[in-house]
Amino acid sequence: MQIKLDKNTEYLISKLVSAGFSAHAVGGAVRDSLLGREVSDFDIASSALPEETKKVFSSQSVIETGIKHGTVTVVLDHKPYEITTYRVESQYSDSRHPDSVSFVRCLNEDLARRDFTVNALAFSPQDGLIDLFGGAEDIKNRIIRAVGDPAKRFSEDALRILRAIRFASVLGFSIEENTSNALLALSETLSSVSPERILTELKKTLCGENSQAVVNNYLPVLEQVLTVSGSPKSLSLLPPDFAMRLTCLCGKGVIESLSRLRADNETKRRCKLLVESKPIPSTLPALKQYISSLGEENSLLVASYRRALFGEDNEKQTEKLLSSGECLFLKDLAVKGFDLISLGIKGKDIGKVLNALLNSVLLGEVENEKEKLIELVKNAVL
Ligand code: ATP
Ligand code: MG
């Protein structure tokens, strides 16, 4: 197994080492690098205290992102690199927040407080791979395993329960038996985790490559944080889209779930649209009316959802119609408001007449041609 650090990480580590500190790439970067996955953020752990790190990089732009927790961020090539002092966390009285964080000078202690063996690896060009808990073997066997006693680790911080299933889903790993039993047994403690953190984890979990297996195996965990009354077994029929998958899983419970999670308005809007969607009509005029009332983007979303779950619109009629250039919306109508004004139509009637004309076009009662539409208006209104 090979690890390739990016140049900036190597530079930061070598600067810290030259200044007499110990420094390593840690966490997700080492894990993803060993897996051959793209590495998105390189975290560095170091024996240097935040003030010492700041001094080492005094000629660089340094941001004090979390001095209290030991983190400073160095920006190189417009990318943020987090350097965190080796630390341990003492006593968790609320299943989520450590009562205090203390800095230590030794990497081993820092690695021991990390959640899973695959996340407790460190690497530096000087020292190579440091693997105290069998993380490399677990990566090879595709296993998520808690560092130390799983029940203790999940009791310290309940967020780790969701992180375990998230990594299982995203990486396509299985969860080691003791770790799995402990997280199931402690799933009720998820009530101590903030809705924002739960939402972030769920987004990744439901869209991961192994999400169907995770939902099958860990539904009781998800039921602690969601109101589930949908079709958990159908998840993998859908594209990896959070709103679609959440709606499929929760069914009518999706609205309640979204407010429990304090979800963003756009996710709420999309889920509501999906859960309230009606069957897609199969006759052409009715389909045109359906698309027209929903709008382009919404129709595509609903069509993709209902096609996957219920086999509706299986000829991709919605997409075909939308790309056909046919008149489906007011903007496509050959007659505009000012055409009606010149016929003497005023105020709210303009909108009403335009909508009536659009509907006639959708139903195929009249062609979308200016003269024909104006003729129709003259006969009907004037
Ligand atoms: P990704 O960035 O892909 O989400 P990651 O493993 O880098 O995955 P981060 O949340 O960035 O996850 O955390 C970085 C590292 O910090 C983890 O790899 C792990 O070692 C440690 N860590 C993060 N959260 C926890 C936690 N709740 N308990 C224990 N260790 C944690
Ligand atoms: Mg990370």
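Each ligand, and each atom within it, is numbered from 1 in the order the structure gives. Keep in mind the model is a prediction, meaning the values are calculated, not measured.
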K.L.:
Verify the neighbour count for atom NZ of K152: are there more than 12 heavy atoms of other residues, nucleotides or ligands below 6.0 Å?
P.N.:
no
K.L.:
Please confirm whether R160 comes within less than 3.5 Å of ligand 1 when only nitrogen or oxygen atoms on both sides are compared.
P.N.:
yes
K.L.:
Once you restrict to heavy atoms under 4.0 Å, what part of V26 touches ligand 1? Side chain, backbone, both or neither.
P.N.:
neither
K.L.:
Are S191 and Q224 close enough that some pair of their side-chain heavy atoms sits under 4.5 Å apart?
P.N.:
no
K.L.:
For R197 and D157: C-alpha separation, side-chain torsions, deciding distance, then whether salt bridge (Lys or Arg N to Asp or Glu O under 4.0 Å) applies.
P.N.:
CA-CA 12 Å; R197 300 302 292 266; D157 180 1; over 6 Å; no
K.L.:
Would you check if there is a donor-acceptor pair between the side chains of N8 and D77 at a distance under 3.5 Å?
P.N.:
yes
K.L.:
I need the nearest protein heavy-atom contact for atom 19 (C) of ligand 1: residue, atom name and distance, please.
P.N.:
D115 OD1, 3.6 Å
K.L.:
Considering only the protein, which heavy-atom contact is closest to atom 27 (N) of ligand 1, and what is its distance?
P.N.:
D157 OD2, 2.9 Å
K.L.:
Report yes or no: do V101 and L111 belong to one cluster of Ile/Leu/Val/Met/Phe/Trp/Tyr joined by side chain heavy-atom distances under 4.5 Å?
P.N.:
no
K.L.:
Record the part of F167 in heavy-atom contact with ligand 1 below 4.0 Å; permitted values are side chain, backbone, both and neither.
P.N.:
side chain
K.L.:
Looking at non-hydrogen atoms alone, which of K204, R166, R114, R163 comes nearest to atom 13 (O) of ligand 1?
P.N.:
R163
K.L.:
Does only the side chain of N119 get under 4.0 Å from ligand 1, or the backbone, or both, or neither? Count heavy atoms.
P.N.:
both
K.L.:
Atom 6 (O) of ligand 1: which protein heavy atom is closest, and how many Å away?
P.N.:
R31 NH1, 2.8 Å
K.L.:
Mind checking whether L34 and I143 sit in one hydrophobic cluster, side chains of I, L, V, M, F, W, Y counted as touching below 4.5 Å?
P.N.:
no
K.L.:
Looking only at protein heavy atoms, identify the closest one to atom 2 (O) of ligand 1 and say how far it is in Å.
P.N.:
D41 OD1, 3.7 Å
K.L.:
If the cut-off is 4.0 Å to any non-hydrogen atom of G27, which atoms of ligand 1 fall inside it?
P.N.:
18 (O)
K.L.:
Okay, side chain of R245, backbone of L206: is any donor-acceptor separation there less than 3.5 Å?
P.N.:
yes
K.L.:
Can you tell me the protein heavy atom closest to atom 14 (C) of ligand 1 and the distance?
P.N.:
D43 OD2, 3.8 Å
K.L.:
Identify whether L363 and V353 are in the same connected component of the hydrophobic contact network (ILVMFWY, side-chain heavy atoms under 4.5 Å).
P.N.:
no
